[in-house]
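Data block below; observations after.
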Amino acid sequence: MLPYVRVPTIKLENYQGVISDELFDEVKILAKELKGLKVTFVNSTPRGGGVTEILKSLVGLMLGIGLKTEWHIIPPGRKFFGLTKELHNALQGKEFSLSFKARRLYQHHMERSAELMLDMESNVWIINDPQPAGVIHYLPNFHPSVAHFHIDTSHPNKDTWNFIEPILLAYDKIIFSAKEFVASTLPKRKIKIFAPAIDPLSDKNKPLSLQTAKTILESFGIDPTKPLVTQVSRFDPWKDPMGVIQAYYLAKNKIPNLQLALVGLFLAFDDSEAMRIFKQVKKHAGGDPDIFMFSDPQELGSLKVDIFVNAFQVGSDVILQKSIREGFGLTVAEAMWKEKPVIGGNVGGIKIQIKNGENGFLVSSPQETAKRIVQIIKNPALAEKMGKNAHQTVKEKFLMPRLLRDYLKLFKELV
Ligand code: UDP
C-alpha cells in the first residue's frame with residue numbers, strides 16, 4: 001500500500017451559516033446517494049503547497065458526509081522530485097528537453113509506486129498533478145479514475161506536453177482549474193473545470209483579530225506601526241519573488257517606511273528548487289532591514305504554520321501574489337476572504353478570482369505593482385471597499401463545500 005496521510009473528519013454542519021442553505025442542502029442530498037463510496041486521493045507530498053491544503057479539508061469533509069475516503073502519497077525520491085519539478089516548470093512553459101534518461105526515471109518511479117497500489121481498492125481514484133499521474137499505465141482496472149491538474153498548462157513546453165498527454169488520456173476524466181489550461185487536443189467529454197477552494201474554518205482562515213495578528217508579527221521583528229506588504233508563496237520562479245522585491249523598492253520611494261514580508265516556508269517534499277531560489281532572492285534583497293524573509297519552519301517554534309500565515313494575511317496592508325503563471329493561487333482567495341486588497345499577477349487562476357479594480361488589482365509588471373501598492377496604502381477607504389468585495393467573491397465561489405459538491409456530482413457521473 002502507498003504511504004497513508006491521516007486526516008481528521010470534518011462535519012458539514014460546521015459550515016451552516018457560512019455557506020448558502022442551497023449549497024448545504026445540495027451536498028446533503030448528494031452525500032446520501034453516495035454514502036459508503038470508497039474514494040482514494042493520491043499526490044506526492046503530505047504538506048506544503050496548494051494541493052495538500054485542499055486535500056486536508058476536502059478529504060476531511062468527505063469523511064464527514066459518509067464517504068470512505070483515503071489520501072495516499074507516492075514514495076519520495078530526491079532525483080525523481082528534481083525531475084518532476086522540471087516537468088512542472090516545463091508544463092507551465094519553461095524550455096525543457098526531456099531526455100531518454102529522464103523519461104526512464106519517471107517511468108521507473110511510476111512502476112515502483114504502482115506496485116505499491118496493487119493491493120489497494122477503491123470505487124474512484126483521484127490522482128493529483130503530474131508526479132503520480134503515470135501510475136495508470138501500470139495498473140489494470142484502474143477505473144474510474146480522475147487526473148486532477150492544478151497547474152497552469154496554458155503554454156506548456158511541447159516536448160513535455162507530448163510526454164504527459166497520453167498519460168492524461170488514459171484517465172476517465174481530467175480536471176483543470178480554468179478553461180484556458182485545457183489543450184485543444186484533449187477530448188471535451190473528459191474535461192471538467194473545478195475552481196479550487198479554501199476552508200473558511202481551518203486555522204489558516206478562521207477569524208483572527210488584527211490585534212492578535214499584529215502581536216504575532218511583532219514577535220517576528222515586524223514593526224506594527226509601519227505599513228506592510230506580504231507575499232505568501234513557496235520560493236519559486238513562477239511566483240516572481242524578484243519582481244516583488246523590485247516593486248517594493250519602487251513603492252518605497254513614495255512610502256519610505258514600507259516593510260515587505262516574503263513568507264515561503266520549506267514544507268513540501270517535492271519542491272527541490274526552493275532553497276536555490278531563496279538564496280537568489282536573499283541576495284537581491286541586499287540586506288534591507290525592512291525586508292523579512294521566512295523559509296525555516298523551525299523559526300516558528302510552537303506556533304502553527306497556519307496561524308503564522310493567517311497572522312501575515314490579516315496583519316498586512318496589502319497582499320501580493322505577483323505570479324507570472326498560476327494554477328489558481330489559494331493565497332489569493334485566503335487573503336480575499338480576510339477582506340484584504342490583493343494585487344495579483346494578471347495570469348491563470350488569479351484572473352478567475354480578481355476583477356481588476358473591483359475586488360483587487362491585476363498587474364503585469366513590477367512598476368504597475370508598485371503603483372497599486374502606493375495607491376492602496378494611501379487610500380484606506382479604497383482598501384476597505386475592495387476587501388469587502390473580495391470577501392464576498394470568495395464566499396460565493398471559492399469555499400470548500402462548493403468544491404466538495406463539484407466532486408460529488410462527478411462521482412455520481414462516474415459510478
Ligand atoms: N503556504 C503556507 N506557508 C508558506 C507558504 C505557503 O502555508 O510559507 C500555503 C498557502 O497559505 C497556500 C498554499 O501554501 O494555502 C499555497 O497554495 P497556492 O495555490 O497559493 O500555491 P502552490 O504552492 O500550490 O503553487
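One-based numbering, in listed order, for ligands and for the atoms of each. The model shown is predicted, which means the values in this text are computed figures rather than measured ones.
Set against the non-hydrogen atoms of G264, the atoms of ligand 1 under 4.0 Å away are 8 (O). Below 4.0 Å from some heavy atom of G329 lie the following atoms of ligand 1, by number and element: 19 (O), 20 (O). Atoms of ligand 1 found under 4.0 Å from any heavy atom of L265 (numbered from 1 in listed order, with element): 4 (C), 8 (O). Short contacts between ligand 1 and E53, defined as distances under 4.0 Å to a heavy atom of the residue, involve ligand atoms 15 (O). Applying the 4.0 Å criterion to heavy atoms of V263 picks out, from ligand 1, the atoms 5 (C), 8 (O).
Among E326, E334, Q321, the residue whose heavy atom sits closest to atom 15 (O) of ligand 1 is E334. With G50, S202, S295 as candidates, the residue nearest to atom 16 (C) of ligand 1 on a non-hydrogen basis is G50.
Between N157 and T160, the side chains place a donor N or O and an acceptor N or O closer than 3.5 Å (distance only, hydrogens not considered). A donor atom on one side chain and an acceptor atom on the other are not found under 3.5 Å apart for E111 and Q107.
At a 4.0 Å heavy-atom cut-off, ligand 1 touches V309 through the side chain alone.
At least one N or O atom of K239 sits closer than 3.5 Å to an N or O atom of ligand 1. Of the N or O atoms in R234, one or more lie within a sub-3.5 Å distance of an N or O in ligand 1. Not a single N or O atom of V232, backbone or side chain, sits closer than 3.5 Å to an N or O atom of ligand 1. When only interatomic distances are considered, the shortest N/O to N/O separation between V305 and ligand 1 does not fall below 3.5 Å. At a 3.5 angstrom cut-off on N or O pairs, K204 counts as close to ligand 1. For V51, no nitrogen or oxygen atom sits less than 3.5 Å from a nitrogen or oxygen atom of ligand 1, counting backbone and side chain alike.
At the top of the distance list for atom 19 (O) of ligand 1, counting protein heavy atoms only, stands L330 N, 2.9 Å.
Between the CG atom of L30 and the CZ atom of F411 there is a distance of 11.0 Å, given to the nearest 0.5 Å. To the nearest 0.5 angstrom, K254 atom NZ is 12.0 Å from Q375 atom CD.
Within the 6.0 Å centre-distance limit, the rings of F312 and F294 are counted as a close aromatic pair.
Applying the side-chain contact (heavy atoms from CB on, under 4.5 Å) criterion to K340, with sequence neighbours excluded, gives I319, A335, K338.
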List the atom pairs, with distances to 0.1 Å, where a side-chain N or O of residues 324-331 and a protein N or O form a donor-acceptor pair under 3.5 Å, not counting sequence neighbours.
{"unit_1": "R325", "atom_1": "NE", "unit_2": "Q92", "atom_2": "O", "d": "2.6"}
{"unit_1": "E326", "atom_1": "OE1", "unit_2": "K239", "atom_2": "NZ", "d": "2.9"}
{"unit_1": "E326", "atom_1": "OE1", "unit_2": "S323", "atom_2": "OG", "d": "2.8"}
{"unit_1": "E326", "atom_1": "OE2", "unit_2": "K239", "atom_2": "NZ", "d": "3.2"}
{"unit_1": "T331", "atom_1": "OG1", "unit_2": "Q321", "atom_2": "OE1", "d": "2.8"}

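Smallest separation of non-hydrogen atoms from S272 and F81: OG-O, 3.5 Å.
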Please evaluate residues D290 and L258 with respect to the criterion side chain to side chain contact (heavy atoms under 4.5 Å, CB included), reporting the C-alpha separation (whole Å), side-chain torsions for both, the decisive distance (0.1 Å), and the verdict. CA-CA 7 Å; D290 285 331; L258 189 64; over 6 Å; no

